[in-house]
Amino acid sequence: MNDHRKRVRQRTGDKMKVLVSTESTGLSSAGKRWPNLRALVFKWRQNLASKLYGRATYQRPAAAISLAVTVGILLVVGGYSAHVWWTQDPPDLMSAQQLLLAKHLANEDYLAADAVLEQLVALAPKNADYRFEQATIKAALNQPAVAHRLMRSLASEHPQAALWILEHDFDLNNTTSWSNTEQQRFGILLDLAIKSDTKPHWLRAHNLMAGYHIKLGNIDLALDALERIAIHEPAADLHAASLSLKMGDTDRAKKYAKRAHVTFSQYTADHPQNDASRLNLARALSLMHRDQEAIDVLSAGFELTKQPKFQQAAGEILVTWSERLANPSKKEQTFLPRLQLIHRASQCAPQDPVVLAAILRLVQECERTIGTYKSQMRSALVQGADRESTHFFLGLMTLLDGQIDDARLHLDLATASGSHLSTLLNNLALVMCQSTEWDLDQALALATAATTMLPDQPHFKETRGRILIGLRRYAEAIPELEHGLAATELQAIIYPQLVVAHRQTGNEASAQAIEQRLKREATSESVLQTSSLVPEHR
């Protein structure tokens with residue numbers, strides 16, 4: 001009997017070894033990620049089976065054979081299940097987690113996405129993409145220190161992490177203040193970032209490289225970077241053309257502009273509703289000195305879409321066209337054509353800072369040689385050439401000279417659109433009061449003219465009140481500013497000015513009441529912001 005028990009025990013033990021061996025060797029590479037835990041489970045199953053068989057064979061040899069068959073079947077089925085579980089579950093789990101991550105990101109549920117990424121990183125700690133996503137989520141959750149630590153640990157193996165650090169840690173506007181260490185670190189990270197095999201990130205890295213070299217004055221290196229990306233991003237050719245013009249290399253500029261013109265001409269013809277393409281086509285034409293064609297392209301875009309950005313672009317191109325005519329040795333000969341172009345620009349974009357600055361530059365030029373330019377304008381009026389633009393600039397100059405009645409006469413004749421002219425005068429006043437090149441009395445003259453044309457316009461009242469505050473005419477400023485409160489968007493700008501005005505006129509109670517109101521209505525935006533230029537009222 002003892003020998004029989006030994007033989008049964010030996011057979012069942014050999015069978016267990018075969019079963020375990022079959023299950024172990026059948027594992028896929030995915031299943032091998034958990035060898036220690038798998039071995040523990042198999043060992044636990046083997047020990048349990050041995051104990052069952054041992055007890056059965058000791059008590060009833062006949063029952064042992066039946067139990068051996070039953071347990072053998074269970075082991076085979078269990079072994080197969082274990083094989084499937086250990087080999088297939090981890091990839092399935094990761095796929096499920098990836099789908100869950102995509103869902104959370106689509107819903108902008110970053111807390112849930114962060115929890116899923118923690119699990120993915122635990123499952124695949126060497127996966128740089130998961131770690132990069134984890135870092136970006138930490139940044140979205142306002143954990144910048146954690147995000148930076150994770151990105152720094154990834155930079156050497158993940159180009160997008162290097163790019164992220166470049167864009168978040170370095171300000172290209174302050175390159176002159178960088179230490180040697182910072183410059184070296186920027187260069188190392190830039191070399192890593194441009195190795196990205198993802199086109200959007202590769203393009204961003206090269207744009208960053210171009211901007212860096214522009215700031216350092218390495219224009220040739222910047223042009224090289226722009227040339228590399230132009231095939232994917234044709235607008236880079238326009239940037240390169242502008243840089244070449246600044247260097248005085250007109251031939252190179254024309255080469256880039258022509259290449260951009262070919263690309264955007266075709267694309268605009270195929271996609272007439274594409275605003276960006278049309279704007280870039282106009283810019284390419286301007287760089288090729290085909291300015292009127294550029295204006296025509298933008299005019300067609302405005303007629304098609306009614307988007308004001310086309311008019312703004314037209315205004316800036318007209319300014320560029322005017323400046324191109326301003327040959328230093330022939331300024332007087334080109335004065336009237338330039339004046340007409342600037343006036344056209346003012347009609348296209350009366351709120352554009354580039355246009356406003358060009359108007360004031362031309363006015364200053366007129367003031368320096370007032371006699372010559374005034375005689376030219378009066379001759380132009382006699383000849384009937386472009387009466388609107390001539391009356392406009394004569395009105396501006398006489399207004400700034402304090403000749404109010406003459407100024408109003410010229411300005412009334414300048415344009416039939418009173419709202420257009422008043423908006424322009426108000427915006428010119430704003431630019432002047434923020435510049436040291438003009439005195440506040442001149443700005444007040446323009447602001448007063450604007451409010452005379454449209455007396456109920458709150459933006460104009462705010463401008464005039466602001467200038468009066470600057471002139472320390474506080475009592476006069478108060479009613480102007482209070483009128484401006486009718487525009488809700490101006491209230492955060494006007495209230496602090498009213499506090500100053502009331503306090504300076506001895507009305508402390510009113511000043512404190514306004515301050516209390518400001519505290520109650522405080523928002524995340526600063527009340528000390530400066531007002532923007534007033535859009536045209538049509």
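Given the structure is predicted, the values throughout are model-derived calculations rather than measurements.
Using modelled atom types and a 3.5 Å distance limit, the side chains of Q497 and E462 yield a donor-acceptor pair. Under the 3.5 Å distance criterion, with hydrogens and angles disregarded, a donor-acceptor pair is assigned to the side chains of N207 and E233. Residues D352 and Q312 have side chains that bring a donor and an acceptor to within less than 3.5 angstrom of each other. When only modelled atom types and interatomic distance are considered, E489 and H459 share a side-chain donor-acceptor pair under 3.5 Å. Side-chain N/O atoms of Y495 and E515 include no donor and acceptor closer than 3.5 Å. Checked by atom type, the side-chain pair Q347/E388 shows a donor-acceptor distance below 3.5 Å.
The only option from T263, T268, D270 that meets the side-chain hydrogen bond (donor to acceptor under 3.5 Å, both in side chains) definition with Q266 turns out to be D270. Put simply, the residue from L285, N274, L281 that forms a side chain to side chain contact (heavy atoms under 4.5 Å, CB included) with F264 is L281. A side chain to side chain contact (heavy atoms under 4.5 Å, CB included) with F186 holds for exactly one of D169, I165, L172, T181; it is L172.
When every heavy atom of K215 is checked against every heavy atom of T175, the shortest pair comes out as CB-OG1, 3.6 Å. For the residue pair A450 and F460, the shortest heavy atom distance occurs at O-CD1, 3.6 Å. Nearest heavy atom pair, residue R252 against residue D249, reads N-OD1, 3.1 Å. Nearest heavy-atom pair across M432 and W438 is CE-CE3, 3.3 Å.
For K309, the NZ atom is densely surrounded, since the number of other residues' heavy atoms within 6.0 Å is greater than 12. For K255, the NZ atom is densely surrounded, since the number of other residues' heavy atoms within 6.0 Å is greater than 12. The number of heavy-atom neighbours closer than 6.0 Å to CG of L141, taken from other residues, nucleotides and ligands shown, is above 12.
Cation-pi check for K306 over F302 is met; the charged atom lies under 6.0 angstrom from the ring centroid and within 45 degrees of its normal.
Side-chain atoms of S435 come within 3.5 Å of backbone N or O of E437 as a donor-acceptor pair.
Taking the charged nitrogens against the carboxylate oxygens, D291 and R324 do have a contact shorter than 4.0 Å, which makes a salt bridge. We find that K138 and E118 are joined by a salt bridge, their nearest charged nitrogen and carboxylate oxygen being less than 4.0 Å apart. Using a 4.0 Å cut-off between a side-chain N of Lys or Arg and a carboxylate O of Asp or Glu, E323 and R338 do not qualify as a salt bridge.
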Take Q184 and N180 through the side chain to side chain donor-acceptor pair (under 3.5 Å) test and state the conclusion after the steps.
CA-CA 6 Å; Q184 291 173 0; N180 290 335; over 6 Å; no

Return all side-chain donor-acceptor pairs below 3.5 angstrom for residues 239-247, not counting sequence neighbours, or 'none' if the list is empty.
unit_1	atom_1	unit_2	atom_2	d
S242	OG	L238	O	3.2
S242	OG	R283	NH2	3.3
S244	OG	A240	O	2.9

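For the ring pair (Phe, Tyr, Trp, His ring centres under 6.0 Å) condition, the pairs that include at least one residue of residues 142-165, sequence neighbours left out, are F132-H158, H148-W164, W164-H168.
Ring planes of H343 and F392: tilted class, angle from 30 to 60°.
The distance between the ring centers of H232 and W202 falls below 6.0 angstrom.
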